[in-house]
A.B. asks: 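Just passing along the structure, written as structure tokens.
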4 protein chains.
Amino acid sequence: MVVKSPKARAMRADAQRSIDTLLEAAKTIFAKSGVDAPVREIASEAGVGVGTVYRHFPKRSDLIAAVFRREIDGCAAAASLLAVKHEPAAALESWLTRYAAFIGTKRGLAAALHSGDPTFDALPAYFEQTLGPALEVLVASAVTSGQIRPDIEPFDLLDAVRRLPPGESGQRMLALMIDGLRYGAPGHRAKRPKKT
Amino acid sequence: MVVKSPKARAMRADAQRSIDTLLEAAKTIFAKSGVDAPVREIASEAGVGVGTVYRHFPKRSDLIAAVFRREIDGCAAAASLLAVKHEPAAALESWLTRYAAFIGTKRGLAAALHSGDPTFDALPAYFEQTLGPALEVLVASAVTSGQIRPDIEPFDLLDAVRRLPPGESGQRMLALMIDGLRYGAPGHRAKRPKKT
Amino acid sequence: MVVKSPKARAMRADAQRSIDTLLEAAKTIFAKSGVDAPVREIASEAGVGVGTVYRHFPKRSDLIAAVFRREIDGCAAAASLLAVKHEPAAALESWLTRYAAFIGTKRGLAAALHSGDPTFDALPAYFEQTLGPALEVLVASAVTSGQIRPDIEPFDLLDAVRRLPPGESGQRMLALMIDGLRYGAPGHRAKRPKKT
Amino acid sequence: MVVKSPKARAMRADAQRSIDTLLEAAKTIFAKSGVDAPVREIASEAGVGVGTVYRHFPKRSDLIAAVFRREIDGCAAAASLLAVKHEPAAALESWLTRYAAFIGTKRGLAAALHSGDPTFDALPAYFEQTLGPALEVLVASAVTSGQIRPDIEPFDLLDAVRRLPPGESGQRMLALMIDGLRYGAPGHRAKRPKKT
DNA sequence: AATGAATGAGCGTTCATTCAT
DNA sequence: TATGAATGAACGCTCATTCAT
């Protein structure tokens, strides 16, 4: 999904370019200085005037939400790409890693998202409705090809990874979970310890 | 004993009282408005001028660190108090609850602590070195009296509770952990399910 | 007098319509938000882009002056209309009322007019030269028909009404003046107090 | 009356100096650029930082009101000075001239005063209660000494002069009124034209 | 030592004006 | 020619920090 200004109708090319540049810049600045970074800094990073920021994102929360949506979109879009470039299980693994990285980056936004600002109300639902199906396709493909166990609920996976602690410890746990996915797969059944 | 002039005594007491008042005020204001609250607000809550705040805490991070240390101290001190007022296991339970409450309050400070400001460098070590022994005593006592299982590493407990999610869900998980502590205790062994 | 852009010869119909719409919009916005209202607001009221405003009125003072001239024109034009619809004295009365209303509306512009901006230099003269003759015709007609006293200088009337205080008190004073006009009329002479 | 900040108690010398300087600067800037002049300009004229302006006058209307009150005070204070430097009638004349000048200067503030801002609510009463007695003393003195007619209500005089038109025409009318004051005085009765 | 007045950098925001579309 | 996106100067205001009292 391409992020557009509210009135997508008759959007001029330069305006769309401004929005794209702005979102990219905001992402960078948010990562560097937090979501409370001065608007001027974001404008400067984007190479536009502050007025342009305010034109497209009258409130700071509008900008934050747009950045967040954009990254959700990017993450979901990555699923399709990975699906055609890798084996099903490898694609799933790559995507989960990417998703975890996305979550890690966004941890700073969590506070903003829970600020009660109504601008953020729709974000959790958007998160699930966008990333859920993306993951579902990857999981289904890997299951069908017998590369991972079939008793996995994509939503659970999404949620569990989201709750992983940040840093290396989280990465190790993600690796564990991915191994766990493969563990019960039909193709690996022979390797399972026998029950007595 | 060296006799000090009454004046010197009084001044030192005054200054210490100022600092205490300031830390108490800062704690209150940090809780209400976050660690970025205006210095004036803190000074006003403490009933002093802003100059006094800057005299004792030249940088905001000094004040934050001092508040944090003070609460760590308070939390550690509570261990001794609880130890003499309750049975070992009950004391441990009470203290863990208090500790969790402290952690819950501080969650806002986490971002500040990870800001890279060198003022905060020593805090994690201070945290561990102060609360670790405090908990260790409580645990040892409860283990010795056979009220909790003996295979518990105090540091793990400290760390695990710190990572608990905020809110009611965290409280429920803390209750579970406390029950788990009692579960393997010698005094409860009779209740353990039999091995077949 | 109809307001036209400098190159009246090549003036396209839609351009003239733009100007008319703009002046009407500016009048509305000036009345609502003062002469310092944002240009965007005026453009929006007129249903055009801001660029169009600047095309026709490069400086704000140009727009203000044009609005003012337009209202002077409208007021002067009303004289002819009233002259054919009413008895001479009634026409005069109606016009003075309308003129007073115009003045009342414009009171906000007074400050702008005295700002020293050379754009406004010609306005006072235009005011007099447009409204003076308009009133003169009405007065002459009423005098000729014997409905009002003959010793009235139109300019004095114009000036006096302009200085009337705003609000009801001004309306009452205007009524008084109009009565005074009729008082010395030949047709009312019988009612005049005798000189001894 | 000396203008002081709301909490006159414990006002530091530098603060009072700041206020005085600010009011003087504000008067100058208001006269030059109107009451909507940038705060920075006023601060700069006063040689202080903008923060100082906001400390003493949180809202612009506070500053406007204070300037106005200060000038009323100054005008009232001039009465005492003139009373001891001139003959009663001359003092009255000088003061009326000064008062008219003050009114002339303030004409720009009229709009602000009628803006409905509650900060200005008390100003009209203050105006009357301060200038009324000041004029009353001058009038009484001149009447007692037989230099002006006795049938003059000070308030009427205050009000009439306030309504005089600005500029030379107003000055001529003020002169007329002052002559009128002397005209009916006992000491001038002999000069009155005889009725035939 | 304590106070709080003063400073001024810096932020959010608006809006006149320009100019690419 | 008309549009409105982009610009950036300028404003109101806050508040960390300094320093005279």
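Everything quoted here is computed from the prediction, not taken from an experiment. Throughout, a chain's letter reflects where its sequence line sits, starting with A, and its residues are numbered from 1.
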A.B. asks: Choose from dA9(E), dC11(F), dT17(E) the nucleotide whose nearest atom is closest to any side-chain atom of Val50(D).
C.D. replies: dA9(E)

A.B. asks: Return whichever of Ala37(D) or Gly49(A) has its heavy-atom-nearest nucleotide of DNA chain F closer to the 5' end.
C.D. replies: Gly49(A)

A.B. asks: Could you check how far OH of Tyr54(C) sits from P of dA6(F), rounded to whole Å?
C.D. replies: 18 Å

A.B. asks: Whole Å only: how far is the CZ atom of Arg55(D) from the P atom of dA16(F)?
C.D. replies: 14 Å

A.B. asks: Any donor and acceptor pair, going by atom type alone, linking the side chain of Ser44(A) with main-chain N or O of Arg40(A) inside 3.5 Å?
C.D. replies: no

A.B. asks: For the side chain of His56(D), counting heavy atoms from C-beta on, which of dA6(F), dT18(F), dA6(E) is nearest?
C.D. replies: dA6(E)

A.B. asks: Can you tell me how far P of dG12(E) sits from CG of Leu63(A), to the nearest Å?
C.D. replies: 11 Å

A.B. asks: Using purine N1 to pyrimidine N3 plus N6-O4 or O6-N4 for Watson-Crick, or N1-O2 and O6-N3 for G-U wobble, both under 3.5 Å, which nucleotide pairs with dT21(F)?
C.D. replies: dA2(E)

A.B. asks: How close or far is atom P of dG12(E) from atom CD1 of Ile64(A), stated in whole angstroms?
C.D. replies: 11 Å

A.B. asks: Nearest heavy atom decides the nucleotide; on that basis, is Gly47(D) or Thr52(B) closer to the 5' end of DNA chain E?
C.D. replies: Thr52(B)

A.B. asks: Determine whether Val39(C) and Phe57(C) satisfy the following criterion, side chain to side chain contact (heavy atoms under 4.5 Å, CB included), listing intermediate values before the conclusion.
C.D. replies: CA-CA 11 Å; Val39(C) 172; Phe57(C) 305 98; over 6 Å; no

A.B. asks: For the residue pair Thr119(D) and Asp117(D), confirm or rule out a side-chain donor-acceptor distance under 3.5 Å.
C.D. replies: yes

A.B. asks: Between Val48(B) and Pro58(C), which has a closest nucleotide on DNA chain E that is more 5'?
C.D. replies: Val48(B)

A.B. asks: Which nucleotide, dC13(F), dC15(E), dA5(F), lies nearest any side-chain atom of Pro38(C)?
C.D. replies: dC15(E)

A.B. asks: What is the separation between atom CD1 on Ile42(A) and atom P on dG12(E), rounded to the nearest whole Å?
C.D. replies: 8 Å

A.B. asks: In Watson-Crick or G-U wobble terms, both distances under 3.5 Å, what is the partner of dC15(E)?
C.D. replies: dG8(F)

A.B. asks: Calculate the interatomic distance between Asp36(B) atom CG and dT14(F) atom P; express it in whole Å.
C.D. replies: 17 Å

A.B. asks: Once hydrogens and angles are ignored, does a donor-acceptor distance under 3.5 Å link the base of dG12(F) to the side chain of Arg40(D)?
C.D. replies: yes

A.B. asks: Rounded to the nearest Å, what distance is computed from the CD atom of residue Glu45(C) to the P atom of nucleotide dG4(F)?
C.D. replies: 16 Å

A.B. asks: As an exercise, state the distance from CG of Asp73(B) to CZ of Arg70(B), rounded to the nearest 0.5 Å.
C.D. replies: 9.0 Å

A.B. asks: On DNA chain F, nearest-nucleotide positions of Ser18(A) versus Glu41(D): which is more 5'?
C.D. replies: Ser18(A)

A.B. asks: Phe57(B) has an atom CZ; how far is it from atom P of dA2(E), in whole Å?
C.D. replies: 12 Å

A.B. asks: Give me the ring orientation class for Phe68(A) and Phe102(A): parallel if the planes are under 30° apart, tilted from 30 to 60°, perpendicular past 60°.
C.D. replies: tilted

A.B. asks: Select one nucleotide: of dG8(E), dA16(E), dT3(F), the one nearest the side-chain heavy atoms of Arg60(C).
C.D. replies: dA16(E)

